[in-house]
Number of protein chains: 2
Amino acid sequence: MALRHAVLAALLDGEYSGYQLAKAFDIGVANFWHALPQQLYAELTRLEGDGLIAGRKVIQENRPDKRLFSVTDAGLAELERFTEASVKPSFIRDDLLVKVQAADSVSAGPLIEQLTERAAAAEARIELFGGLLRQMRGAADEEEFLRRAERVGPYLTCLRGLAFERDTRDWCRRSAAVLRERRHTAPART
Amino acid sequence: MALRHAVLAALLDGEYSGYQLAKAFDIGVANFWHALPQQLYAELTRLEGDGLIAGRKVIQENRPDKRLFSVTDAGLAELERFTEASVKPSFIRDDLLVKVQAADSVSAGPLIEQLTERAAAAEARIELFGGLLRQMRGAADEEEFLRRAERVGPYLTCLRGLAFERDTRDWCRRSAAVLRERRHTAPART
DNA sequence: AGTAGCATGTAAACAGTTACATGATTAG
DNA sequence: CTAATCATGTAACTGTTTACATGCTACT
């Protein structure tokens with residue numbers, strides 16, 4: 001039940017609607033968790049039912065009403081409990097890795113293409129995360145910011161996301177290059 | 001349905017029993033996927049039923065009989081189809097990241113402890129992956145190996161795992177250091 | 001005598017994805 | 001007039017984790 005806590009952690013930033021959360025958890029800024037809109041709407045309903053978040057209705061003109069949620073004291077206590085519980089190790093789970101594992105038994109063309117695409121996607125996210133970090137730290141340099149800022153959690157998770165995407169990009173390029181070269185040099189097979 | 005293909009990709013290495021696969025997919029060498037023994041036994045049964053792998057019974061003395069599986073031609077064709085299909089983007093999903101996102105609203109002690117533990121676990125996996133890579137490439141250097149070796153898929157996925165663990169270790173240490181320092185300097189809160 | 005390793009599963013609970021559904025406004 | 005954005009869900013399906021279950025051998 002970690003989506004629950006991911007939503008609570010996201011709502012520490014301020015009030016958000018399901019729709020706004022969905023954007024953050026989907027494309028773009030999902031640097032600490034990922035979820036689909038349907039999951040979020042369901043989870044928000046459950047969290048509100050359990051009293052861990054509180055929603056208030058905002059009536060808007062020219063666009064649908066929305067409900068903004070914020071974390072309650074009970075929600076904060078739940079986050080505290082969650083943080084104190086022991087962590088499970090995390091694992092990479094990625095189709096592309098499976099494909100590369102099988103690279104020697106499968107045609108190289110589509111794989112090279114997909115590695116190139118993934119490298120480009122990673123590059124885009126590197127730019128995005130770089131911008132977010134700059135925005136968060138403002139005029140201060142990183143050391144300064146991490147020492148004095150009010151909130152550093154989102155900054156730290158964004159740093160993790162940035163490192164991950166950089167690795168992804170470099171590894172994709174490297175792997176694509178290796179496969180491309182091997183296509184021409186035709187290595188010995190048993 | 002990616003466990004299916006992860007199992008097929010793993011079996012390209014040679015014949016394995018459910019038990020052996022379980023060890024590879026659990027602690028240790030899970031550098032391209034992760035799964036529990038129960039999942040693997042179930043998936044192996046399904047894969048055999050679909051004719052994508054073939055099992056042969058090996059009778060052993062002094063220990064239980066086992067079934068060794070290998071990929072069939074139909075299995076290879078399935079992997080080819082899988083590789084040609086488009087990839088979904090991958091996401092980090094990690095409790096520890098959620099906890100760090102909430103770091104400013106929860107007590108730092110347990111978090112610092114968990115970050116330190118995770119850094120140590122990452123370090124252990126760095127050693128492990130380093131050893132595996134050395135073993136795979138033997139006497140050759142990396143460039144040489146990647147150009148001429150018969151199989152490079154497992155080597156490439158292991159490189160990805162190594163980079164991931166290095167990042168994890170560095171990020172955990174950095175985050176723990178930041179949180180430790182902030183505990184003493186007591187930053188301004190609103 | 002107890003722990004660890006070998007070897008294989010079933011059943012129930014939980015989490016995540018895919019498909020479907022609705023309806024208004026705004027920008028091209 | 002078409003697509004995108006805002007805004008919120010339900011239902012069915014698939015995949016993952018947790019708990020339970022068995023039994024033999026080797027080592028300390």
(request) Just jot down the salt bridge (charged side-chain N to carboxylate O under 4.0 Å, His left out) partners of A:Asp13, sequence neighbours excluded, or say none. (result) A:Arg151
(message) The criterion is side chain to side chain contact (heavy atoms under 4.5 Å, CB included); which residues satisfy it with A:Tyr41, sequence neighbours excluded?
(response) A:Tyr19, A:Pro37
(message) Treating primed atoms plus P, OP1 and OP2 as sugar-phosphate and everything else as base, which nucleotides of nucleotides 12-20 of chain D get B, S or - for protein heavy atoms under 4.0 Å?
(response) ---SSBBB-
(request) Only counting residues at least two apart or in another chain, list the ones meeting side chain to side chain contact (heavy atoms under 4.5 Å, CB included) with B:Asp94. (result) A:Ser90, B:Ile92, B:Leu96, B:Leu97, B:Arg118
(message) Side chains of B:Arg160 and A:Thr168 only: does a donor on one sit below 3.5 Å from an acceptor on the other?
(response) yes
(message) Taking the axis from the first five pairs and the axis from the last five, what angle separates them in the helix from C:dA1-D:dT28 to C:dG28-D:dC1, rounded to 10 degrees?
(response) 40°
(request) Please report, rounded to the nearest Å, how far the C1' atom of C:dG9 is from the CZ atom of B:Phe69. (result) 12 Å
(message) Below 4.0 angstrom, which residues in residues 47-67 of chain A have at least one non-hydrogen atom near DNA chain C?
(response) A:Asn62, A:Pro64
(request) Starting at atom CG of A:Asp26, determine the distance to atom P of D:dC6, rounded to an integer number of angstrom. (result) 13 Å
(request) Give a yes/no on whether any side-chain N or O of B:Tyr19 is located under 4.0 angstrom from OP1 or OP2 of C:dT8. (result) no
(request) Would you kindly give the CG-to-P distance between B:Leu40 and C:dA7, to the nearest whole Å? (result) 15 Å
(request) Whole angstrom is fine here: how far is it from CD in B:Gln20 over to P in C:dG5? (result) 15 Å
(request) Please list, chain by chain and in numerical order, all residues satisfying salt bridge (charged side-chain N to carboxylate O under 4.0 Å, His left out) with B:Arg67, sequence neighbours excluded. (result) B:Glu48
(request) Using atom CZ of A:Phe25 as one end and atom P of C:dT17 as the other, report the distance to the nearest whole Å. (result) 13 Å
(request) Name all pairs fulfilling the side-chain hydrogen bond (donor to acceptor under 3.5 Å, both in side chains) condition that reach into residues 106-115 of chain B, sequence neighbours left out, sorted by first residue then second. (result) A:Glu80-B:Ser107, B:Lys99-B:Gln114
(message) For B:Ala10, give me all partners under side chain to side chain contact (heavy atoms under 4.5 Å, CB included), at least two apart in sequence or on another chain.
(response) B:Leu21, B:Phe25, B:Phe32
(request) First locate atom NE2 of A:His34, then atom CZ of B:Phe91, and finally report the distance between them rounded to the nearest 0.5 Å. (result) 3.5 Å
(message) Which residues pass the side chain to side chain contact (heavy atoms under 4.5 Å, CB included) test with A:Ala77, not counting sequence neighbours?
(response) none
(request) Write down the distance between NZ (B:Lys23) and C1' (C:dC6), rounded to a whole number of angstrom. (result) 9 Å
(request) Output all residues satisfying side chain to side chain donor-acceptor pair (under 3.5 Å) with A:Thr83, sequence neighbours left out; order by chain, then residue number. (result) none
(request) Would you kindly give the CG-to-C1' distance between A:Leu21 and D:dG9, to the nearest whole Å? (result) 15 Å
Determine all donor-acceptor pairs shorter than 3.5 Å in which one atom belongs to a side chain in residues 68-75 of chain B; sequence neighbours excluded.
unit_1: B:Thr72; atom_1: OG1; unit_2: B:Gly51; atom_2: O; d: 2.7
unit_1: B:Thr72; atom_1: OG1; unit_2: B:Leu52; atom_2: O; d: 3.0
unit_1: B:Thr72; atom_1: OG1; unit_2: B:Ala74; atom_2: N; d: 3.4
unit_1: B:Thr72; atom_1: OG1; unit_2: B:Gly75; atom_2: N; d: 3.1

